[in-house]
2 protein chains.
Amino acid sequence: MSTTGLYQDQHLEINLPQAMVSVDEQRLILTRKEFELLAMLSANEGEILPRNVLLDRIWGYSEEIRTRTLDVHIRRLRKKLGLYGDSYIQTIFGVGYRFQRFREPRALISYQSPLFAATA
Amino acid sequence: MSTTGLYQDQHLEINLPQAMVSVDEQRLILTRKEFELLAMLSANEGEILPRNVLLDRIWGYSEEIRTRTLDVHIRRLRKKLGLYGDSYIQTIFGVGYRFQRFREPRALISYQSPLFAATA
DNA sequence: ACATAATTTACAACCTTTTTACAAGTTGGA
DNA sequence: TCCAACTTGTAAAAAGGTTGTAAATTATGT
């Protein structure tokens with residue numbers, strides 16, 4: 001996300017100042033928390049945001065508080081992002097989450113080793 | 001809305017200097033408060049106007065005042081805007097309202113997976 | 001395999017908006 | 001002035017949306 005508060009790629013468009021998000025030209029209705037979460041993640045595109053940082057900044061929770069609230073909100077956000085939810089919001093196990101720019105899925109290349117080629 | 005105080009799209013026309021509003025070529029009779037509300041919203045097309053801002057600017061109410069007056073006026077305005085009322089004036093839950101340019105409703109695309117096509 | 005972490009579902013509490021109805025206030029004309 | 005029509009604000013009920021948590025399930029790393 002740039003300093004203008006805009007993010008755009010092939011599928012997703014985020015306009016922070018106008019609080020508008022769309023996926024494939026389709027407007028998304030996000031709740032405040034969902035929006036804040038996406039805003040914070042996307043504003044730090046590519047960076048890992050630790051759970052405690054997110055819980056602190058968005059919820060004002062201190063480290064001690066044990067909750068699954070963040071996870072549930074991540075889930076709701078991913079769901080609203082539809083097909084691409086999982087690819088935009090990546091889980092860093094044991095650490096937190098990271099927003100990632102859309103990457104065209106790679107075509108899988110089947111490589112058949114000649115050494116193991118079926119002998120018909 | 002431009003600096004000329006004019007707004008126009010496929011269905012709605014707002015002329016602030018002349019205090020004229022029409023929907024589908026049909027003149028609309030708005031009360032003063034309704035007009036002020038529409039004027040303020042449309043002048044800030046695309047921007048979220050928080051409740052407290054609207055209540056302050058249009059009613060001179062301070063933050064402390066708890067009232068449903070704004071909501072009721074929004075309702076009356078939407079109603080007069082007819083079919084498009086809801087699409088022009090968007091509710092931002094817990095925040096305020098936003099005027100949005102008319103958007104052609106998306107045609108839904110029915111996609112029948114070949115995998116599940118009925119076999120006649 | 002184990003312990004730990006994340007995902008997912010469902011639900012209840014809470015809060016906000018919508019809607020209806022009414023009464024008070026205002027305006028303009030007879 | 002008085003009336004009728006219109007405007008406006010408020011109350012209250014209904015409807016709707018948001019959020020956090022619990023609990024079961026699934027995934028991950030060692």
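The sequence lines fix the lettering, A, B, ..., with proteins before strands; numbering per chain opens at 1. Values in this document were obtained by computation on a predicted structure and should not be read as measured data.
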>> Using whole Å, what does the distance between atom P of nucleotide dT8(C) and atom CD1 of Ile74(A) come to?
In response: 12 Å
> Pick the nucleotide of DNA chain C nearest each of Arg75(B) and Gly94(A); which residue has the one closer to the 5' end?
Replying inline: Gly94(A)
> How about Tyr61(B) and Asn52(B): do any of their side-chain heavy atoms sit closer than 4.5 Å?
Replying inline: no
> What integer distance in Å separates Asp86(A):CG from dA27(D):C1'?
Replying inline: 13 Å
>> On the nucleotide dG20(D), are OP1 or OP2 found under 4.0 Å from the side-chain N or O atoms that Thr67(A) carries?
In response: no
>> Given 3.5 Å as the limit, does a donor-acceptor pair link the side chain of Arg76(A) with the main chain of Glu34(A), or not?
In response: no
> Tell me, do Met40(B) and Asn44(B) make a side-chain contact under 4.5 Å, heavy atoms counted?
Replying inline: yes
>> So, OP1 or OP2 of dT26(C): does either fall under 4.0 Å of a side-chain N or O from Arg32(B)?
In response: no
>> Taking only side-chain N and O atoms of His73(B), does any of them lie within less than 4.0 angstrom of OP1 or OP2 on dT8(D)?
In response: no
>> Taking the nucleotide of DNA chain D with the nearest heavy atom to each, does Leu30(A) or Lys80(B) sit closer to the 5' end?
In response: Lys80(B)
>> For dT19(D) and Trp59(A) - does any side-chain N or O of the residue sit under 4.0 Å from the phosphate oxygens OP1/OP2?
In response: no
> Where the side chain of Thr31(A) is concerned, which of dT7(C), dT21(D), dT18(D) is the nearest nucleotide?
Replying inline: dT18(D)
> Whole-Å distance between dT8(D) P and Leu37(B) CG?
Replying inline: 11 Å
> Considering only side-chain heavy atoms of Val72(A), which listed nucleotide, dA10(C), dA6(C), dT20(C), is closest?
Replying inline: dA10(C)
> Within the structure shown, what part of the strands sits under 4.0 Å from Phe35(B) by heavy-atom distance: base, sugar-phosphate, or nothing?
Replying inline: nothing
>> Looking at Tyr97(A), I'd like to know whether one of its side-chain N or O atoms comes within less than 4.0 Å of OP1 or OP2 on dT7(C).
In response: yes
> Counting distance only, does the side-chain N/O of Arg32(A) pair as donor-acceptor with the main-chain N or O of Val95(B) below 3.5 Å?
Replying inline: no
> Are a donor atom and an acceptor atom from the side chains of Tyr84(A) and Asp9(A) found within less than 3.5 Å of each other?
Replying inline: no
> Taking the side chain of Arg68(A) as heavy atoms from C-beta outward, which of dA23(D), dT18(C), dG20(D) is closest to it?
Replying inline: dA23(D)
> If you check every side-chain atom of Thr91(A), which of dA5(C), dT7(C), dG9(D) has the closest atom?
Replying inline: dT7(C)
> Rounded to whole angstrom units, what separation is found between the NZ atom of Lys33(A) and the P atom of dC15(C)?
Replying inline: 13 Å
> Does Arg51(B) put a side-chain nitrogen or oxygen below 4.0 Å from OP1 or OP2 of dT16(C)?
Replying inline: no
> Could you give the CD-to-P distance, from Gln90(B) to dT17(C), as a whole number of Å?
Replying inline: 13 Å
> Between Arg101(A) and Gln8(A), is there a donor-acceptor pair closer than 3.5 Å when you use the side chain of the first and the backbone of the second?
Replying inline: yes
> Of the nucleotides dT17(C), dT8(C), dC11(C), which one has an atom closest to the side chain of Arg76(A)?
Replying inline: dC11(C)
> Could you give the CD-to-P distance, from Glu34(B) to dC6(D), as a whole number of Å?
Replying inline: 13 Å
> Separation of Ile92(A) atom CD1 from dA6(C) atom P, in whole Å?
Replying inline: 11 Å
> How close or far is atom P of dA5(C) from atom CG of Leu54(A), stated in whole angstroms?
Replying inline: 17 Å
